[in-house]
**Q** 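There's a structure below that I have some questions on.
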Protein chains: 2
Amino acid sequence: MRAAGNNRSRISKLMLSDSVYARDPAPHLAAHVFAALGDATRLSLLTKLSDGQTRSISGLSADTNLTRQAITKHLHVLENAGLVISSKVGRESQFAFRPEPIAEVRAYLASVSQQWDDALARLRAFVER
Amino acid sequence: MRAAGNNRSRISKLMLSDSVYARDPAPHLAAHVFAALGDATRLSLLTKLSDGQTRSISGLSADTNLTRQAITKHLHVLENAGLVISSKVGRESQFAFRPEPIAEVRAYLASVSQQWDDALARLRAFVER
DNA sequence: CATAAATGCAACCTCCAGGTTGCGCTTAAT
DNA sequence: ATTAAGCGCAACCTGGAGGTTGCATTTATG
């Protein structure tokens with residue numbers, strides 16, 4: 001059960017611009033982070049935490065109309081993406097923002113934008129009268 | 001069926017730093033874009049297209065080991081997120097990269113990073129001997 | 001005109017992301 | 001010593017994401 005000869009119709013009608021060939025900068029790496037950011041609840045949690053203050057689970061659950069356990073799951077997703085770090089203090093576990101993955105993802109987006117800008121520049125140079 | 005008195009345990013043990021209160025800059029807006037980026041296949045498609053060249057569906061399906069239809073779905077997800085735009089030319093539909101949402105998302109990440117940096121600066125100033 | 005290419009559409013399938021409920025355990029608070 | 005807060009864990013439920021197959025349609029091609 002693979003692709004039933006459906007794909008691979010025209011291998012590559014043109015191979016141009018291989019000097020600036022479109023590579024895959026950070027494929028798997030960034031996808032997980034993006035996926036973690038791709039949820040409104042998680043995005044909200046992260047935004048709250050990005051002020052540098054550490055918060056407990058129930059602290060983050062308040063004003064959320066979601067269950068504490070739901071928030072807990074979201075926090076674990078964020079933690080697995082490295083966007084947040086937890087540490088138990090007393091009976092409550094405190095969560096803190098972790099900026100590293102953000103930087104990584106920003107770099108990725110910057111590279112994509114750069115590639116796009118370069119393409120535009122090249123096009124403009126070509127059309128140049 | 002809501003939260004069964006489970007949440008809302010301690011409303012707010014402290015209300016400090018309300019001057020730099022953590023707002024939600026672009027909650028719903030960005031989430032869709034992030035979600036669209038949160039898939040390795042889609043990320044790969046977008047990276048290919050970010051070189052400015054327009055590609056057909058089967059052109060993008062080649063070398064993917066996924067079905068053409070699967071790729072089509074992914075492309076539609078990207079299109080709904082505004083990351084890509086399609087136009088039919090002849091019997092094939094060409095897809096092109098669209099940078100606007102990327103810029104939007106970059107702005108969001110920049111604001112989060114900024115908020116974090118500000119928090120650090122404030123902390124450092126406080127600890128300052 | 002007959003055939004192949006490139007898609008669109010729809011039905012289907014499977015799995016897991018998000019959510020909830022219930023319960024037990026540990027750590028404050030009174 | 002009790003009681004309440006704050007969590008962790010596990011079972012369960014549901015909808016939609018990601019894929020596939022089959023078939024019809026439109027547009028090139030020889």
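All heavy atoms count here, side chains included; hydrogens, waters and symmetry mates do not. Proteins come first, then strands; the chains are lettered A, B, ... in the order of their sequence lines, and each starts at number 1.
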**Q** Name all residues meeting the side chain to side chain contact (heavy atoms under 4.5 Å, CB included) criterion together with B:Ala35; count only those two or more places apart in sequence or in a different chain, and write none if there are none.
**A**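 None.
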
**Q** Test of understanding: with side chain to side chain donor-acceptor pair (under 3.5 Å), list the residues that count as partners of B:Asp118, not counting sequence neighbours.
**A**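 Once residues adjacent in sequence are excluded, the partners of B:Asp118 under the side chain to side chain donor-acceptor pair (under 3.5 Å) criterion are B:Gln114.
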
**Q** Using atom CG of A:Asp39 as one end and atom P of D:dA17 as the other, report the distance to the nearest whole Å.
**A**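 Value for this atom pair: 13 Å.
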
**Q** Rounded to 10°, tell me the angle between the two end axes of the helix from C:dC1-D:dG30 to C:dT30-D:dA1, each built from five pairs.
**A**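 Its terminal axes enclose an angle near 20°.
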
**Q** Show the distances under 3.5 angstrom between N or O atoms of the protein and N or O atoms of nucleotides 8-14 of chain C.
**A**
from, atom 1, to, atom 2, distance (Å)
C:dG8, N7, B:Arg68, NH1, 3.4
C:dG8, O6, B:Arg68, NH2, 3.2

**Q** List in chain and number order the residues that pass side chain to side chain contact (heavy atoms under 4.5 Å, CB included) with B:Ala70, two or more places apart in sequence or in another chain; answer none if no residue qualifies.
**A**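 B:Ala70 satisfies side chain to side chain contact (heavy atoms under 4.5 Å, CB included) with B:Leu66, B:Thr67 only.
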
**Q** Without decimals, in angstroms, what is the distance between A:Asn80 CG and C:dA17 P?
**A**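 It is 11 Å, rounded to the nearest whole Å.
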
**Q** Is the distance from OP1 or OP2 of D:dT20 to the nearest side-chain N or O of B:Thr67 less than 4.0 Å?
**A**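 Answer is yes, contact under 4.0 Å.
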
**Q** Looking at A:Arg91, I'd like to know whether one of its side-chain N or O atoms comes within less than 4.0 Å of OP1 or OP2 on C:dC25.
**A**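 Looking at the OP1 and OP2 atoms of C:dC25, neither is under 4.0 Å from any side-chain N or O of A:Arg91.
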
**Q** B:Arg98: which residues meet the side chain to side chain donor-acceptor pair (under 3.5 Å) condition with it, sequence neighbours left out?
**A**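 Listed in chain order: nothing, the list is empty.
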
**Q** Could you check A:Thr41 against A:Val89 and say which one's nearest nucleotide on DNA chain C is further toward the 5' end?
**A**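 Between the two, 5'-proximity favours A:Thr41.
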
**Q** Just wondering, do B:Arg55 and B:Leu49 contact through their side chains at under 4.5 Å, heavy atoms?
**A**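 Yes, close enough: below the 4.5 Å cut-off.
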
**Q** When the distance from NE2 of B:His74 to P of C:dT7 is rounded to whole Å, what number comes out?
**A**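 In whole Å, C:dT7 P lies 16 Å from B:His74 NE2.
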
**Q** Do any pairs count as a ring pair (Phe, Tyr, Trp, His ring centres under 6.0 Å) and have a residue in residues 52-104 of chain A, sequence neighbours left out, and if so which ones?
**A**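 Qualifying pairs: A:Phe97-B:Trp116.
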
**Q** From the list C:dG19, C:dA6, D:dG19, which nucleotide is the closest neighbour of the side chain of B:Glu92?
**A**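 Given the options C:dG19, C:dA6, D:dG19, the side chain of B:Glu92 is closest to C:dA6.
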
**Q** Name all residues meeting the side chain to side chain contact (heavy atoms under 4.5 Å, CB included) criterion together with B:Ala81; count only those two or more places apart in sequence or in a different chain, and write none if there are none.
**A**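 For B:Ala81, the residues satisfying side chain to side chain contact (heavy atoms under 4.5 Å, CB included) (neighbours in sequence not counted) are B:Ala36, B:Leu83.
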
